[in-house]
Amino acid sequence: MIWNSASDFFAMGGYGTYVWGAYVVTAACMAIEPILVALRHRRVRRELAAEEERR
Amino acid sequence: MTTTSSRLRLYRFASPATFYPLAGKLVPWFAAVAAILAAWGLWLGMLRAPTDATQGDAYRIIFIHVPAAWMSMLLYVVMAFWAAIGWAFNARLASVVARAIAPTGAMFTFLALWTGALWGKPTWGTWWVWDARLTSELILLFLYAGYLALVSAIDEPRRADRAGALLAIVGSVNVPIIYFSVVWWNTLHQGASVSPAAAPKMAAIMLQAMLLMTLAFWAYAFAVIFVRARAIALERDNAASWAGAAVGRTPAQTEATT
């Protein structure tokens, strides 16, 4: 552990805006994309299951 | 086992009926590996690696910037490869995989540009320059966007696959241009951090963190692309017996329709 305190960590030696701006957007993209593909997969499964019911 | 039967076994994986459940089984493993490696890589990179002597803590963007940039190029090559296979051998699943890769590749390209801008501002004093590395990476984003727009604009799926394959193959010329741009042209962008020809130009702990994050992104890409490929395969083959089986049609009915 190289940081003395939590505020030290968040400040990133004065580059906090840049470092966290990069990390937050990356984390958001990589959190949202799996949700979107899971929803797409679930939607097509549900549609297919409904079709099977009608058959 | 005869040669014929082993060849048949291999071809089985080109069938959506085999791919669908197999990919479904692999997804949780790739997701778990991605989470573990990302946690490990972030712990090393954000909590253990020392502050850089020249760039201060701004350099920590490298742990997501380089993996995102590598994935953006790797995924493009893999996409073009499967699109070409799908076209040349009329292999539908290969085309489905190519289409499943494109959105994830585009996302990593955007992230490479975004994190690069946020790294460029404190170190170069500018968010953006029109130099070879940045411009060719931006062209990569346009190639992904063009591929996605093209395949979604053509209604007939196999025609869309072929048109997309042509665009993907022609566009793959851009990938070596991105990779070697820092060698071929004068640029603000630094040279390769890691190359097969030379010793790494960074401390061991920084390199470890960057490689762990790369493997985490790679596993993430596998997980997301497999889920998307399963969804696309179902969307396309919704009338096929394997698709019915995948959503719980009884085996007897499946047997009857096969």
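The sequence lines fix the lettering, A, B, ..., with proteins before strands; numbering per chain opens at 1. Everything numeric in this text was worked out from a predicted model, so none of it was measured.
- In this structure a side-chain-to-backbone donor-acceptor pair under 3.5 Å is present from A:R45 to B:A246.
- Inspection of non-hydrogen atoms places B:P103, B:T104, B:M107, B:F108, B:F110, B:L111, B:W114, B:T115, B:L118 of residues 102-118 of chain B under 4.5 Å from chain A.
- For the set B:I232, B:L42, B:L47, the count of heavy-atom pairs under 4.5 angstrom toward chain A peaks at B:L47.
- Within the 4.5 angstrom heavy-atom criterion, only backbone atoms of B:A49 (N, CA, C, O) approach chain A.
- Ranked by non-hydrogen atom pairs under 4.5 Å with chain A, the options B:Y20, B:Y59, B:W119 are led by B:Y20.
- Inter-residue side-chain proximity for A:R40 and B:V227 is flagged as unmet; no heavy-atom pair is nearer than 4.5 Å.
- Chain B forms the most heavy-atom pairs under 4.5 Å with one residue out of A:A11, A:G21, A:A49, and that residue is A:G21.
- With respect to chain B, the highest number of heavy-atom pairs below 4.5 Å among A:G14, A:C29, A:G16 belongs to A:C29.
- Atom OG1 of A:T26 and atom CZ of B:F63 lie 13.5 Å apart (nearest 0.5 Å).
- For the pair B:D57 and A:Y15, the tightest heavy-atom approach, listed with the atom from each and the gap, is N-CD1, 3.8 Å.
- Within a 6.0 Å radius of CZ in B:R158, other residues, nucleotides and ligands contribute more than 12 heavy atoms.
- At least one side-chain heavy atom of B:M46 sits under 4.5 Å from a side-chain heavy atom of A:F9.
- Rounded to the nearest 0.5 angstrom, B:I64 CD1 and A:Y23 OH are separated by 5.0 Å.
- In the displayed structure, B:E156 atom CD is contacted under 6.0 Å by more than 12 heavy atoms of other residues, nucleotides or ligands.
- Scanning all heavy atoms of the two residues, the minimum distance from B:A231 to A:V44 falls at O-CG1, 3.9 Å.
- Between chain A and the options B:I225, B:V224, B:V27, heavy-atom pairs under 4.5 Å are most frequent for B:V224.
- In the displayed structure, B:W128 atom CH2 is contacted under 6.0 Å by more than 12 heavy atoms of other residues, nucleotides or ligands.
- When A:M12, A:R43, A:M30 are compared by the number of non-hydrogen pairs under 4.5 Å with chain B, A:M30 comes out ahead.
- In this structure, A:W3 places its CH2 atom where more than 12 heavy-atom neighbours from other residues, nucleotides or ligands lie under 6.0 Å away.
- Within a 6.0 Å radius of CH2 in B:W82, no more than 12 heavy atoms belonging to other residues, nucleotides or ligands are found.
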